[in-house]
Amino acid sequence: DASADVILYFGTLHHVADGGQAQAVAEAARVLESGGLAYITEPLAQGPYFDLLQPVDDETEVRARAYEAIKGAGAQGLAEEREVLYTRVMRFADFEAFHSLVLTIDPDRAEHFATIADEMRRRFDHHGRAEDGGRAFDQPFRANLLRKK
């Protein structure tokens with residue numbers, strides 16, 4: 001209890017099991033000392049990279065629940081200091097590099113991905129912008145800085 005200066009959740013809160021996001025924020029509040037900071041970044045359910053991945057794993061609802069947990073942090077004794085939107089660019093040399101990352105993150109996606117591979121190739125070409133050596137996809141993120149009261 002009250003033993004940490006800073007807690008960082010970098011794009012992970014939406015991966016917490018259903019209903020557990022608020023509990024994860026409460027845990028951050030529990031271990032933060034008074035005046036301590038929680039820095040939480042989460043990808044938004046929008047943008048070219050999200051659109052690309054949506055057929056593989058539609059995270060629209062889980063990302064919304066993560067944001068609800070962040071916005072409800074006041075009930076856990078965390079006050080919002082700042083919210084910032086920014087864009088992270090995901091770059092891939094080719095479709096195979098993208099496919100490899102998707103399966104590295106979650107190998108259980110392999111069978112489903114195989115059934116929609118043609119669609120995913122079309123989406124890869126459509127949603128990505130051409131850059132030297134590959135394709136780039138914007139992924140909007142939100143960063144929230146919370147301070148323990």
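These numbers were taken from a predicted model, which means no experiment stands behind them. Computed from heavy atoms alone, side chains included, the values below leave out hydrogens, waters and symmetry copies.
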Asker: Tell me if the CZ atom of Arg82 is crowded by more than 12 foreign heavy atoms within 6.0 Å.
Answerer: no
Asker: Can you sort out the partners of Lys71 under salt bridge (Lys or Arg N to Asp or Glu O under 4.0 Å), two or more places apart, ordered by chain and number?
Answerer: Glu80, Glu83
Asker: Salt-bridge test for Arg30 and Glu27: reply yes if a basic N is under 4.0 Å from a carboxylate O, no otherwise.
Answerer: yes
Asker: Looking only at heavy atoms, which two atoms of Gly47 and Pro140 are closest? And how far apart?
Answerer: CA-CD, 3.9 Å
Asker: More than 12 non-hydrogen atoms from neighbouring residues, nucleotides or ligands closer than 6.0 Å to CD on Gln23, yes or no?
Answerer: no
Asker: Enumerate donor-acceptor pairs with a distance under 3.5 Å from any side-chain N or O in residues 8-17 to protein atoms, sequence neighbours excluded.
Answerer:
unit_1, atom_1, unit_2, atom_2, d
Tyr9, OH, Ala24, O, 2.8
His14, ND1, Glu42, OE1, 2.6
His14, NE2, Glu59, OE1, 3.2

Asker: Going from OH on Tyr39 to CG on Leu146, what distance comes out if it is rounded to the nearest 0.5 angstrom?
Answerer: 11.5 Å
Asker: If you compare all heavy atoms of Gly74 against all heavy atoms of Lys149, which two are closest, and at what distance to 0.1 Å?
Answerer: O-NZ, 3.8 Å
Asker: With sequence neighbours left out, what residues match Glu96 under salt bridge (Lys or Arg N to Asp or Glu O under 4.0 Å)?
Answerer: Arg121
Asker: Should Phe98 and Met120 count as side-chain neighbours, where that means a heavy-atom distance under 4.5 Å?
Answerer: yes
Asker: CZ of Arg88 to OG1 of Thr41: how many Å apart, nearest 0.5 Å?
Answerer: 8.5 Å
Asker: Report the relative orientation of the aromatic rings in Tyr86 and Phe141; use parallel for angles under 30°, tilted for 30 to 60°, perpendicular for over 60°.
Answerer: parallel
Asker: Sub-3.5 Å donor-acceptor pair from the side chain of Lys148 to the main-chain atoms of Ser34, do we have one?
Answerer: no
Asker: Identify the heavy atoms of Gln76 and Ala26 that sit nearest to each other, and give their distance.
Answerer: OE1-CB, 3.1 Å
Asker: Are the side chains of Val25 and Leu78 in touch, meaning some heavy atoms are under 4.5 Å apart?
Answerer: yes
Asker: Can you find a heavy atom in the side chain of Arg147 that is under 4.5 Å from one in the side chain of Leu32?
Answerer: no
Asker: For Gln46, is the CD atom crowded, meaning more than 12 foreign heavy atoms sit under 6.0 Å from it?
Answerer: yes
Asker: To the nearest 0.5 Å, what is the distance between CD (Glu68) and CD (Glu61)?
Answerer: 8.5 Å
Asker: Can you get from Leu37 to Ile40 by hopping between Ile, Leu, Val, Met, Phe, Trp and Tyr side chains that sit under 4.5 Å apart?
Answerer: no
Asker: Take Arg123 and Leu53, measure what side-chain contact (heavy atoms from CB on, under 4.5 Å) needs, and give me the verdict at the end.
Answerer: CA-CA 9 Å; Arg123 294 173 82 87; Leu53 278 173; over 6 Å; no
Asker: For residues Val102 and Arg109, report the shortest heavy-atom separation together with the two atoms involved.
Answerer: O-NH1, 3.5 Å
Asker: Check whether any side-chain heavy atom of Phe50 lies under 4.5 Å from a side-chain heavy atom of Thr60, and answer yes or no.
Answerer: yes
Asker: Just wondering, do Gln21 and Ile70 contact through their side chains at under 4.5 Å, heavy atoms?
Answerer: no
Asker: Could you tell me whether the side chain of Leu52 reaches within less than 4.5 Å of the side chain of Met90, counting heavy atoms only?
Answerer: no
Asker: Under 3.5 Å, side chain of Arg63 to main-chain N/O of Leu44, donor-acceptor pair present?
Answerer: yes
Asker: Classify the angle between the aromatic ring planes of His99 and Phe95 as parallel (below 30°), tilted (30 to 60°) or perpendicular (above 60°).
Answerer: parallel
Asker: Ring centroids only, cut at 6.0 angstrom: are His127 and Phe137 within range, meaning strictly under it?
Answerer: no
Asker: What heavy-atom pair brings Glu119 and Pro55 nearest, and what distance separates the two atoms?
Answerer: OE2-CG, 3.6 Å
Asker: Minimum heavy-atom separation for Ala136 and Arg91, please, with both atom names.
Answerer: CB-CG, 4.1 Å
